[in-house]
Number of protein chains: 4
Amino acid sequence: MSQRPDPDQPPASGTGARRPPDPSRRNARSRAAILGASLQLVGEVGYARLTIEAIAARAGVGKQTIYRWWPSKAAVLLDAFTENGGEPGAEPAIPDTGDLAADLRAVLRATADEFSDPAFEAPYRALAIAGAQDADLSREFDARLAGGGIEVYITRLRAARDAGQLREDVDLRLAAEMLTGPFFQRWLARRGPLDHDFTDALVDTVLAGLRPRG
Amino acid sequence: MSQRPDPDQPPASGTGARRPPDPSRRNARSRAAILGASLQLVGEVGYARLTIEAIAARAGVGKQTIYRWWPSKAAVLLDAFTENGGEPGAEPAIPDTGDLAADLRAVLRATADEFSDPAFEAPYRALAIAGAQDADLSREFDARLAGGGIEVYITRLRAARDAGQLREDVDLRLAAEMLTGPFFQRWLARRGPLDHDFTDALVDTVLAGLRPRG
Amino acid sequence: MSQRPDPDQPPASGTGARRPPDPSRRNARSRAAILGASLQLVGEVGYARLTIEAIAARAGVGKQTIYRWWPSKAAVLLDAFTENGGEPGAEPAIPDTGDLAADLRAVLRATADEFSDPAFEAPYRALAIAGAQDADLSREFDARLAGGGIEVYITRLRAARDAGQLREDVDLRLAAEMLTGPFFQRWLARRGPLDHDFTDALVDTVLAGLRPRG
Amino acid sequence: MSQRPDPDQPPASGTGARRPPDPSRRNARSRAAILGASLQLVGEVGYARLTIEAIAARAGVGKQTIYRWWPSKAAVLLDAFTENGGEPGAEPAIPDTGDLAADLRAVLRATADEFSDPAFEAPYRALAIAGAQDADLSREFDARLAGGGIEVYITRLRAARDAGQLREDVDLRLAAEMLTGPFFQRWLARRGPLDHDFTDALVDTVLAGLRPRG
DNA sequence: GATTAAGCGAGACGGTACGTCCGGTCTTTTT
DNA sequence: AAAAAGACCGGACGTACCGTCTCGCTTAATC
């Protein structure tokens, strides 16, 4: 006996770096249940009172299954939102009919409608709040969500500028921010209704400042 | 909310509502310590990890002293901010030199500078987050803070319109939101630097869309 | 006034040494409920499946109230046992009628009866098991429980030796262990019934080896 | 023996009893690694903190391989102990040189020495604790371990009685318990050192009470 | 030699309990 | 009566293991 166990600690079983789990073994049913439960619950109680335990219970899942795959409840929501609520991944470009004003009005009207749907609004607000608290998450959020992203606006505006519909020296990023910023602020800080009058007026006023002189 | 029924009813209570404390007996030293500790701590750990217990401990104060006078940690921060960080009470109107563009540029430059100071930025971000989660608080926040309010912009823009510097039919509220919304979004979602180039370009582009036609 | 506690770093709030709670502020009702629930539960499910959470739930108490005052579930049981089941604190000396054999027979019979009562047996076994796993607890256990202590036997045997009823050179501790050891082993390892025949025979055989020669 | 899913079971077994594994296909290397790891670990962390997961990890084995072959961690330890630490299977009878006192002294001295070896003591204590919590395991333990069993003492004492060295009416089981009980108690409850002085005195005092009168 | 059915290493899974942290209430003592 | 202190009930945290359950992969035994 005695048989000492090889004195150099194998992996020591200590609290060392945890190996990442194997995604190929992931249970798709559990994943879907978690994402679904997250969206339900954030709509029912809001982000501040959303708990991992409640998600696990609603999804019929062990807490560890959540902690194994997501670093935070915000990350769960982000997945839930991009999967079930937002656009799956591809950037939904703004259509280009040649009429910039019409195109932007259509997009902002659609966006306003989306933000009036509580099933969309609650998780989106949760993610905006989480992003405001965590820069890393904010980047993830922007990278994966089309609605909040300004890149699609920049693309459309660039096409318009190249077609001579906007001033040559227009700052495309600033222009895009002028279209989304007032909308975002009005929504997040609840400064007023998100109706079509608002979005139409916004588009028109912004474009009025960007058109070629003449 | 939740509002437990309080089993031992005082004999003639009527509504059973807790009698409010007498403000005249309030300890000013404790109040100041609590507000100061809140600002310190929100700068150190952020809003999500700010706790009432930590504020009480840092302030050398009993927890009950906080619960007696404020309904939530956001309310504490709001008091702390208006007292120590923001303008104490008077609305700081935007100056009117006659040159609208110059006045707005100056104000937005100053605001950008403020938001670059971490001692200002941390509690303000905390309040924005808390307001995004709670509509009541959001109203309080807007009512009491000058910097985030748009009324001052509306006032200055109205003067410019009345002086014929803007179109007759300008939507003053929308115009104000176009000045503050891109700024707010860029700041809260960390979409870019808040420098003078940005604010100047913002002012110029917005005003370009508002000027009287040809 | 009232000496502020040095504004920088109060107690650091770090994970440092936790200050001990103030026993004078302890809630006696909670304490009694916890001890009672422990005894109930250990009788129902045994020591291995006894959990702090179940004790807290049964007692209608927060878990922290247990962790605040006891370091382990074994320590809770020890308090519970000495308060409700065992002798409150004073060492219950073995009576001295002059007849050593009769006195020991009476004590061991009484002890056997006690160990036949499940309400006594379950927590006592739990403590014996806990003590076997933790030397510190074992010492506490021995120091505070009369039934398992051998000091009372030594005291009675010394009186008998001084009265000339035992050999001059008798090893009192060994003699006491010979009275309690077989009993303890038979009980803990369930090697046989703890009846009066057993205890009487044990006393007689031990004393047969200890009497003065002649 | 194509072994369809258990012929004598109705087709819709559902929760049916799990078919026992085939011992002939067992991996001897895994078995040895598990038993070795168990002994190592119980020595390092004690019984209470010994986990199946740690055994599997240390042994480089899947958890299921343990659950397939053993019903509990105590059962693993029991195998580990009888294989590596204790006597493999044959009952090691107490030698009979004709001198009962000398034979018992030798056996108890050897036993004391064994219990002073941590590599032996740790798993033995673990098994004693497990046995104290579970009567079934206790029986298994007694049936398979020579050192802790009292049958060998009874056998040796019977021979002595038949040779006229003990009283005719001696209770052999009680006598055996008087030899092992004090030893067991002193060891398990850590009441004192297990040295040769103790075991010699124990043997002598016990035998003093058992010898024929006159 | 191909098939097939374990046993096996690995580890994800639904759960339970852990011990800690904090929310909000209550009580005691001091100012 | 307010305040400092902090005990209290409750509930969520993130972690550790439980015992079960797939996954390939390897290894025998049967075809």
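Atoms considered below: every heavy atom in the structure, side chains included; atoms not considered: hydrogens, waters and symmetry mates.
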- [ ] By nearest nucleotide on DNA chain E, pick out whichever of D:R25 and A:R26 is the more 5' one.
- [x] D:R25
Open item on the list: Nearest 0.5 Å, please: how far is CG in A:L77 from CG in A:L137?
Closed with: 9.5 Å
Open item on the list: Using 0.5 Å steps for rounding, measure from the CD atom of B:E83 to the OG atom of B:S38.
Closed with: 11.5 Å
Polar atom pairs (N or O), protein with nucleotides 14-18 of chain E, under 3.5 Å:
from	atom 1	to	atom 2	distance (Å)
E:dG14	OP1	A:S30	OG	2.7
E:dG14	OP2	A:G62	N	3.3
E:dG14	OP2	A:T65	OG1	2.8
E:dC18	OP1	C:I52	N	2.7
E:dC18	OP2	C:I52	N	3.3
E:dC18	OP2	C:E53	N	2.9

- [ ] Please state how far atom CD1 in D:I34 lies from atom C1' in E:dG7, giving the value in whole angstrom units.
- [x] 12 Å
Open item on the list: Counting only side-chain nitrogens and oxygens, does C:W69 get under 4.0 Å of the OP1 or OP2 atom of F:dC8?
Closed with: yes
Task: Face-on cation placement of D:R26 at D:W69 ring, 6.0 Å and 45° thresholds - done: yes
Task: Salt bridge flag under 4.0 Å for residues A:E44 and A:R58 - done: yes
Open item on the list: I need the minimum non-hydrogen distance between B:Y47 and B:K73, along with the two atoms involved.
Closed with: O-NZ, 3.1 Å
TODO: Would you give the length of the straight line joining atom CD1 of D:I66 to atom OG of D:S72, rounded to the nearest 0.5 angstrom?
DONE: 11.5 Å
Open item on the list: Without decimals, in angstroms, what is the distance between A:L41 CG and F:dA12 C1'?
Closed with: 14 Å
- [ ] Report the distance from atom CZ of D:R29 to atom P of E:dG9, rounded to the nearest whole Å.
- [x] 10 Å
Open item on the list: From CD1 of D:I66 over to C1' of F:dC18, roughly how many Å is that when rounded to an integer?
Closed with: 12 Å
Task: A:W70 CH2 - F:dG14 C1' separation (whole Å) - done: 16 Å
